[in-house]
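Here the structure is a predicted model, which is why all the values come from computation and not from measurement. Within every chain, numbering begins at 1; the chains are lettered A, B, ... in the order of the sequence lines, protein sequences first and strands thereafter.
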2 protein chains.
Amino acid sequence: MEKVVLIFKDYLRKRGLKFTPEREVVLREVFSLHKHFDAEQLYQNLYKRKKKISRASVYRTLPLLVRAGLITETLRCQGRTSYEHIFGHGHHDHMLCIGCGKVIEFRSEKIEKLQKEICRKYGFKPVEHRLGIKGYCRECQKKIKMKKKLPLDREK
Amino acid sequence: MEKVVLIFKDYLRKRGLKFTPEREVVLREVFSLHKHFDAEQLYQNLYKRKKKISRASVYRTLPLLVRAGLITETLRCQGRTSYEHIFGHGHHDHMLCIGCGKVIEFRSEKIEKLQKEICRKYGFKPVEHRLGIKGYCRECQKKIKMKKKLPLDREK
DNA sequence: ATTGAAATTGAGATTAAGTTGCAATAAGAA
DNA sequence: TTCTTATTGCAACTTAATCTCAATTTCAAT
């Protein structure tokens with residue numbers, strides 16, 4: 001944890017930005033969470049714990065953390081930009097269950113390698129990539145079977 | 001083109017929905033385009049050509065086309081939901097150039113296969129997936145080299 | 001062809017996420 | 001400690017998308 005504080009401080013100092021209490025609170029909150037989150041959730045968490053930080057500051061801090069290489073945007077669920085931290089966590093891809101919203105993380109070296117190859121073929125210099133698979137997790141598949149029919153888009 | 005009209009009509013009829021002139025106009029516009037588009041663009045195109053269709057109808061029709069399996073959402077650029085048609089086009093993945101916005105489409109059977117394998121391993125039933133690689137295309141890499149430095153996030 | 005239930009339309013109001021302007025404040029280098 | 005410059009909070013604003021509702025249209029059944 002103190003490591004990420006140092007990294008962030010360093011990032012800020014190098015471009016003449018300031019390490020404020022607000023930014024520190026956001027940073028620590030982000031790294032105390034161990035799953036995906038979005039700006040509003042983060043704000044609510046802090047608000048409940050009487051950390052009086054404005055929404056604007058939360059929204060302004062998250063992009064800084066992205067640029068500092070500490071967090072990254074993930075798959076966008078229902079309209080909100082969602083983040084996760086990447087420091088000491090490494091890149092991975094996601095499966096997102098349409099039924100219950102559960103997120104499964106996975107990593108495949110083979111897929112990573114294939115992507116690089118393809119980029120090379122197109123003369124494309126990759127900066128980041130995102131692979132998201134939507135579908136149904138084991139549990140939700142069972143539920144669906146029990147209901148026999150998916151009520152989502154059935155025919156008349 | 002007439003094929004997609006039939007498919008859409010069929011989709012609608014089967015669930016007691018109606019094939020209206022507005023929906024037809026949207027459908028035809030979508031399939032006359034040959035690249036990615038978003039709801040607002042589509043509305044503007046139609047508006048300029050004096051097709052008086054409300055924004056609401058455009059926004060209401062696109063999800064129907066998705067459900068009918070004719071179009072799909074793609075990578076979200078700058079906040080807007082973007083679509084592309086898939087009928088007679090097949091699944092593919094994308095590279096998105098950060099420099100100029102160009103989209104390169106590609107498809108890798110190997111990656112597709114690996115994804116299926118991974119899903120099987122997790123007992124996950126995939127419905128759709130999206131792989132997007134952001135980076136710099138050949139041309140933009142050259143431009144960057146000429147500028148010697150990327151002005152985006154440089155240190156002081 | 002007519003009818004009538006049910007779906008659809010357009011216009012504008014509304015929501016939600018995120019951004020911005022600005023005056024007051026605070027960080028931190030000198 | 002001083003002083004320049006960045007940051008803050010608030011509220012107003014923007015943007016994308018959705019919703020409400022009265023008027024209209026579709027289309028299956030006469």
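Between B:P21 and B:P63, it is B:P63 whose nearest contact on DNA chain D lies nearer the 5' terminus. For A:R60 and B:K52, each mapped to the nucleotide of DNA chain C holding its nearest heavy atom, the one lying further toward the 5' end belongs to B:K52.
Look at NZ on A:K51: it is 13 Å from P on D:dG9, rounded to the nearest Å. For A:F19 and D:dT8, the CZ to P distance is 11 Å, given to the nearest whole Å. Per the geometry, CG belonging to A:L62 stands 14 Å off C1' belonging to C:dT19, to the nearest Å. A:R55 places its CZ atom 9 Å from the P atom of C:dA17, with the value rounded to the nearest Å. Regarding A:E40, its CD atom lies at a distance of 10 Å from the C1' atom of C:dG18, rounded to whole Å. If you measure from atom NZ of B:K9 to atom P of D:dA28, you get 11 Å, rounded to the nearest angstrom. What separates NZ of B:K18 from P of C:dT9 is a distance of 11 Å, to the nearest Å. Distance CG (A:L17) to P (C:dA27): 15 Å, rounded to an integer number of Å.
The shortest distance between the side-chain N/O atoms of A:S57 and the OP1/OP2 oxygens of D:dG9 is below 4.0 Å. Regarding contacts with the backbone of D:dT8, a side-chain N or O of A:T20 is found under 4.0 angstrom from either OP1 or OP2. OP1 or OP2 of C:dG18 lies within a sub-4.0 Å distance of a side-chain N or O belonging to A:T81. At the phosphate of D:dT15, neither OP1 nor OP2 sits under 4.0 Å from any side-chain N or O atom of B:R80.
For A:E22, the side-chain atoms get nearest to D:dG9 when compared with the rest of C:dA11, D:dG9, C:dG28. Candidate nucleotides C:dG10, D:dT7, C:dT20 were compared by shortest atom distance to the side chain of B:I53, and C:dG10 ranks first. Among the nucleotides D:dA11, D:dT8, D:dT7, the one closest to any side-chain atom of A:A56 is D:dA11. Listed candidates were C:dG21, C:dG12, C:dA17. Nearest to the side chain of A:Y59 is C:dA17.
In this structure, B:Q41 contributes its side chain and B:S82 its backbone to no donor-acceptor pair below 3.5 Å.
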Trace of the side-chain contact (heavy atoms from CB on, under 4.5 Å) decision for B:I111 with A:I118: CA-CA 10 Å; B:I111 290 182; A:I118 290 166; 3.8 Å; yes
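A side-chain donor from one of A:E112 and A:H91 sits under 3.5 Å from a side-chain acceptor of the other.
Taking the six-membered ring for Trp and thresholds of 30 and 60 degrees, A:Y122 and B:F106 have ring planes inclined between 30 and 60 degrees apart.
Residues A:K18 and A:R23 come closest through the heavy atom pair O-NH1, 2.8 Å.
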